[in-house]
Amino acid sequence: MNLNELTIKQASEGLRQKEFSTTELVSSCLKSVREKDDDLHSYLAVFQDALEQAKKADEKISTYRNVEMSNLPPLFGIPLAVKDNILIQGKRCTAGSKILENYMASYDATVISKLKSQGVIFLGKTNLDEFAMGSSTENSGFGPTKNPHDSTRVPGGSSGGSAAAVSANLCLGALGSDTGGSIRQPAAFCGIVGLKPTYGRVSRHGLIAMASSLDQIGPLTKTVEDAKILFEAIAGGDSFDATAIKTKHDSRTTTHELKNIKIGIPKEYFGQGLDTEVKKIIKSALKKLEEVGAEIQEISLPHSEYALPAYYIIVPSEVSANLARFDGIRYGLQETSAKNLKEVYTKSRALGFGPEVKRRIMLGTYTLSAGYYDAYYLKAQKVRQLIRQDFEKAFAEIDFIIGPTTPTPAFKLGERSDDPLQMYLADIYTVAVNLAGVPALSLPAGYSETTKLPVGLQIIGQWFKENELLNFAAQVEKLIKPKD
Amino acid sequence: MITPKKVEHIASLARLELTAGEEKKIEKELSAILEFVEKLNEVNTAGIEPMTGGTNLKNVTRSDEQIDKILEDKAGDLIDAVPEKRSGWINVKAVFE
């Protein structure tokens with residue numbers, strides 16, 4: 001097996017046993033990037049100093065004996081990719097947008113500081129839909145990324161670059177961000193694992209903000225075990241993020257008996273719009289769970305059909321506020337033909353932003369404007385409360401909610417890019433999770449029969465119970481592992 | 001709902017210069033999306049508190065101390081990012097005409 005095909009867990013063990021060096025591990029990934037990424041376009045920037053960092057890491061541990069080796073942080077020497085809306089000091093951060101094409105980050109995101117302190121080797125920044133707005137990575141200002149399973153199809157979005165890079169073994173794991181499904185949906189489309197933590201679990205300091213009440217950074221990895229390792233490295237409170245909770249995370253790995261676990265299947269998630277092949281795969285996974293003693297019951301999340309409309313008021317509203325800072329003055333590109341101050345704003349933003357971004361800013365400006373705020377934003381936030389309550393009521397009876405991550409497998413490049421509403425429908429099972437703030441994970445459940453594309457199963461857990469979610473997901477992963 | 005005049009007004013508020021073609025396209029798209037979100041009117045939200053953030057946290061404060069200790073060169077980095085600058089200052093157009 002090539003080193004870049006290892007999981008984080010396998011690689012960290014191999015490094016500790018001195019079976020190979022960090023330099024060899026990183027070189028293997030970089031070689032694969034050179035071979036595949038011209039075609040795949042998962043990376044926007046590959047770091048020239050990654051190999052140098054690897055050599056320094058090897059020098060550091062060259063004199064270490066077994067005890068010191070075994071005390072290395074879990075992610076020491078591990079090559080990871082980072083979605084290009086998360087700041088790494090001294091490196092460009094574009095948010096997938098022309099408006100930030102040459103912007104150099106002046107500080108590290110908190111998650112990056114945490115990973116640096118463990119000795120992670122960052123390989124580069126991955127492609128995304130512009131400002132994380134999209135479900136296919138086609139909205140990137142720098143060209144789309146392809147799905148490694150079928151190059152005529154999208155990898156999903158907005159963390160499409162990260163998902164494709166992990167799936168194609170161009171890194172051992174990656175960071176993404178999820179506001180309405182942007183980690184889970186591309187994870188499902190690319191056949192890998194993606195976790196969106198509870199809102200407030202991971203600091204957003206250094207994440208270029210999209211919708212501040214929904215955004216979360218999370219891991220994209222090859223296995224659930226890897227997702228747990230990466231999640232634990234980045235979770236935690238932060239003085240720079242007032243919304244990050246300081247609860248201590250319980251990281252004990254307990255092997256849950258699947259027997260007697262109560263699983264809720266929302267009837268609203270198996271209705272119209274769900275592809276029959278996806279449904280078949282999810283049902284088959286549920287059957288396996290039932291066979292080992294899990295208790296499956298149908299539940300209702302009655303406000304499910306209102307999640308997407310609520311989301312598409314709340315998100316553009318918050319986006320219109322968050323993107324006001326891109327004024328062509330303090331950073332980013334400026335339209336030099338501007339004749340006065342207002343034109344500096346209107347022309348720079350017109351030049352730098354892509355169509356989806358403009359669309360959402362316009363929508364959000366409208367919904368927050370005088371006379372419309374109550375009818376739209378306030379109404380949506382009330383419906384959001386009801387959606388949250390749906391989950392609270394459900395979790396009083398069951399431990400986890402399971403359903404398909406997406407209604408269909410990956411669609412073709414260009415198939416939905418002209419119809420915003422069609423594109424929005426890709427997130428129908430993922431947005432309610434962000435609105436409620438609960439954690440959720442997508443893991444590979446199989447391949448569609450006719451098109452042979454990955455299908456993801458979504459597990460939704462209770463607020464701040466990522467440990468239970470990850471432990472359960474690891475069990476499910478073992479049980480339903482698709483035959484490659 | 002959305003009229004061409006409204007589109008112009010919103011674009012001005014949003015500080016976005018749109019071409020005539022973009023204005024027409026966005027008028028259609030916004031109308032379609034607003035029609036879609038009208039669905040929320042089906043929900044009875046009487047007496048429901050709006051969820052104003054992602055958590056139930058209120059008034060999260062910290063003591064007014066400088067946390068970021070390493071400030072050397074930070075100002076320089078920020079100015080480096082500015083597109084129009086002069087002698088270490090941000091160069092802007094006249095605020096009043």
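Sequence lines set the chain letters: A, B, ... in the order given, protein chains first and strands last, and positions in each chain run from 1.
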Interchain contact, [X] with chain B, by part (heavy-atom threshold 4.5 Å):
X: A:A105; result: neither
X: A:Y311; result: neither
X: A:Q89; result: side chain
X: A:T243; result: backbone
X: A:L421; result: side chain
X: A:R359; result: both
X: A:I314; result: neither
X: A:Y103; result: side chain
X: A:V383; result: both
X: A:F326; result: neither

Flag the one option from [options] with the top tally of heavy-atom pairs under 4.5 Å to chain B.
options: A:K379, A:K339, A:E343; value: A:K379
options: A:Q381, A:K358, A:R388; value: A:Q381
options: A:N340, A:I361, A:V344; value: A:N340
options: A:S239, A:S212, A:S320; value: A:S239

Looking only at the side chains, is there a donor atom on one of [X] and [Y] sitting less than 3.5 Å from an acceptor on the other?
X: A:S135; Y: A:D427; answer: yes
X: A:S337; Y: A:K347; answer: no
X: A:D390; Y: A:H303; answer: yes

Picking from [options], which has the most non-hydrogen pairs under 4.5 angstrom with chain A?
options: B:I26, B:L16, B:V60; result: B:L16
options: B:L34, B:V37, B:T52, B:L40; result: B:L40
options: B:R62, B:E38, B:K25, B:K6; result: B:K6

Do B:E42 and B:K39 meet the salt-bridge criterion of a basic N to acidic O distance under 4.0 Å?
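B:E42 and B:K39: salt-bridged.
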Within the side chain of [X], is there an N or O that forms a donor-acceptor pair under 3.5 Å with the backbone of [Y]?
X: A:E130; Y: A:G354; result: yes
X: A:W463; Y: A:E392; result: no
X: B:N91; Y: B:R86; result: no
X: A:T430; Y: A:G180; result: yes

Indicate yes or no: at least one non-hydrogen side-chain atom of A:I329 is less than 4.5 angstrom from one of A:Y345.
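Contact flag for A:I329/A:Y345 side chains = yes.
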Is the number of heavy atoms from other residues, nucleotides or ligands within 6.0 Å of [atom1] ([X]) greater than 12?
X: A:Q272; atom1: CD; result: no
X: B:E23; atom1: CD; result: yes
X: B:K74; atom1: NZ; result: yes

Using a heavy-atom distance cut-off of less than 4.5 Å, which residues of residues 76-85 of chain B contact chain A?
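Contacts with chain A: B:D77, B:L78, B:A81, B:V82, B:P83, B:E84.
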Check each atom of [X] against the heavy atoms of chain A and say whether the ones under 4.5 Å are side chain, backbone, both or neither.
X: B:A94; answer: backbone
X: B:V92; answer: side chain
X: B:E29; answer: side chain

Non-hydrogen atoms of [X] and [Y] that approach each other most closely:
X: A:L214; Y: A:N434; result: CD2-O, 3.1 Å
X: A:D238; Y: A:A244; result: N-CB, 4.0 Å
X: A:Y199; Y: A:Q216; result: CA-CG, 3.7 Å

For residues B:F36 and A:Y312, establish whether the separation of their ring centroids is below 6.0 Å.
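No.
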